[in-house]
Amino acid sequence: MIFGPRPEIKTRSELAAMAEAGAIVCQMLDAVSQAVEVGISTAELDAIAERTCRQAGAKPNFKGYYGFPATICTSINDEIVHGIPTSQRFLADGDVLSVDCGCSIAGTRGRRWHGDSARTFLVGNVRPEVRQLSDITREAMWAGIAALAGARDVGVVGAAVEDVVACNPINGAPLDIVTEYVGHGIGTAMHQVPDVPNYRVAGRQPKIKDGMALCVEPMLTLGQAENRTLDDEWTVVTTDGSPAAHWEHAVAIIDGTVRVLTAADGGAAELAKRGITIAELA
Ligand code: MG
Ligand code: MG
């Protein structure tokens, strides 16, 4: 890409407002996490997330987005992303559930600041390779976030994800990377430029600049990543029926390093393990 829309550059106080939205997304996912158990419906999880969101004074930003009907996406087993919560679907022992969640809060001049984050949950006793699938996807996300510290362009994320995948085969086979869905800029809208692919891309990539905010969100599959969208026009499933995992955080670029906007500690603990000191917002 040579020409195109410019990424939205945020001031420090705008990033602080985004961190407030991010903290609410974190609370929503914490509340869902507390409720995940065998027998609960995905609609009940959705209601918990929406209540947490509204009690915090925020709005669910997924609801109504291109007509999406819920506050969270709940994607179970072979569902990769964009699963729709329903009172007919109950979590079962051994399920892997990814929950994608977002909200927006009011800012100055009529703008709204957005947060977006996803976690994968293991329900009851899951197969060891499914646990590894989630762990490796989470590791790929943190490696991608860490790679953004001091990076020249967004291409570092895909390289980091690919490296984690290559170094962590399960039963001799590497996980597969979903390529149709990618990370993105975030700010006064949930989805902004630039795209943040989870795979290596040849050629020039969008530059990293202070004041950018980016979502890093690898989606990995235990089998082939080839996928299709169900008749509900939302739920994306693997063609071979293999399970998928999805982890996501929104990350600010500040002073040449990073701060995770959707983690309670700004990502300090996970990034310290990777030799990175997070940026301060104050
Ligand atoms: Mg998301
Ligand atoms: Mg996202």
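Note that this is a predicted model, so its numbers are computed, not measured. Each ligand, and each atom within it, is numbered from 1 in the order the structure gives.
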Within-2.8 Å protein N/O/S contacts of the Mg ion (ligand 2)
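Listed by chain and number, the atoms are D116 OD2, H184 NE2, E217 OE2, E248 OE2.
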Would you be so kind as to tabulate the donor-acceptor pairs closer than 3.5 Å made by side chains of residues 172-180, with sequence neighbours excluded?
residue	atom	partner	partner atom	Å
D176	OD2	A225	N	2.8
E180	OE1	N227	ND2	3.0

Indicate, with yes or no, if the rings of H82 and F68 have centres closer together than 6.0 Å.
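Ring centroids of H82 and F68 are no less than 6.0 Å from each other.
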For K59, look at atom NZ and say whether over 12 heavy atoms of other residues, nucleotides or ligands are found less than 6.0 Å away.
no
Name the residue from I40, D95, V130 that meets the side chain to side chain contact (heavy atoms under 4.5 Å, CB included) definition with V123.
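Filter result, single survivor: D95.
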Between the side chains of T262 and H249, does any donor sit under 3.5 Å from an acceptor?
yes
Scanning both residues in full, the closest heavy-atom pair of Q224 with D240 reads N-OD2, 2.7 Å
